A.B. asks: 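I have a structure here, written as structure tokens, and I will follow up with some questions on it.
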Amino acid sequence: MRPPSPVPCPAPGPPTILTPSGSGTQLTYTEPRTAHDALYFEAAEVARCVAAGLRETPLRPLEESLVTLRSMDEIRRLCGITFDQ
């Protein structure tokens with residue numbers, strides 16, 4: 001699957017969304033920038049989906065994520081990589 005072109009990318013900065021009830025109350029993510037700020041776009045997409053009343057992003061549906069995880073599991077199995085439970 002390919003994302004729509006061009007991929008919508010919000011401007012840098014904290015994402016702000018309206019509550020699902022549409023009350024107009026804004027929820028703002030204001031955590032300080034850290035070495036993990038690369039997750040900004042994921043957080044912004046979650047905010048966009050919540051504001052739109054979506055349960056998953058159309059850019060990467062759950063089933064596609066599960067296919068990736070199954071592929072990673074198979075690669076680890078073929079390479080003999082195991083994790084102790």
Side-chain angles (χ1 to χ4, degrees):
M1 175 181 165
R2 291 181 168 214
S5 183
V7 175
C9 292
T16 302
I17 62 171
L18 296 177
T19 59
S21 66
S23 66
T25 303
Q26 292 190 333
L27 307 174
T28 305
Y29 176 78
T30 57
E31 184 175 321
R33 290 181 69 116
T34 66
H36 306 290
D37 65 352
L39 293 176
Y40 167 79
F41 294 104
E42 287 82 354
E45 177 62 7
V46 168
R48 187 192 69 75
C49 289
V50 169
L54 301 174
R55 295 182 66 181
E56 70 180 25
T57 175
L59 298 177
R60 179 117 173 123
L62 174 60
E63 187 54 39
E64 287 190 25
S65 295
L66 293 176
V67 167
T68 299
L69 292 171
R70 288 183 198 113
S71 298
M72 293 169 62
D73 287 343
E74 179 63 8
I75 291 167
R76 283 190 290 271
R77 186 189 70 77
L78 292 170
C79 292
I81 300 169
T82 60
F83 298 101
D84 295 332
Q85 296 289 329

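The figures that follow rest on heavy atoms only: side chains count, while hydrogens, waters and symmetry mates do not. Residues: numbered from 1 along the sequence shown. Everything numeric here is computed off the predicted structure, so don't read it as measured data.
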A.B. asks: Looking at Asp73 and Arg76, does any basic side-chain N land under 4.0 Å from a carboxylate oxygen?
C.D. replies: yes
A.B. asks: Under 4.5 Å between side-chain heavy atoms, hopping through other hydrophobics if needed: is there a path connecting Leu69 to Leu62?
C.D. replies: yes
A.B. asks: Which is it for Thr68 and Glu64 under the side-chain contact (heavy atoms from CB on, under 4.5 Å) test, yes or no, and what are the steps along the way?
C.D. replies: CA-CA 6 Å; Thr68 299; Glu64 287 190 25; 5.7 Å; no
A.B. asks: Would Glu63 and Leu66 satisfy side-chain contact (heavy atoms from CB on, under 4.5 Å), going step by step from the backbone distance to the final call?
C.D. replies: CA-CA 5 Å; Glu63 187 54 39; Leu66 293 176; 3.9 Å; yes
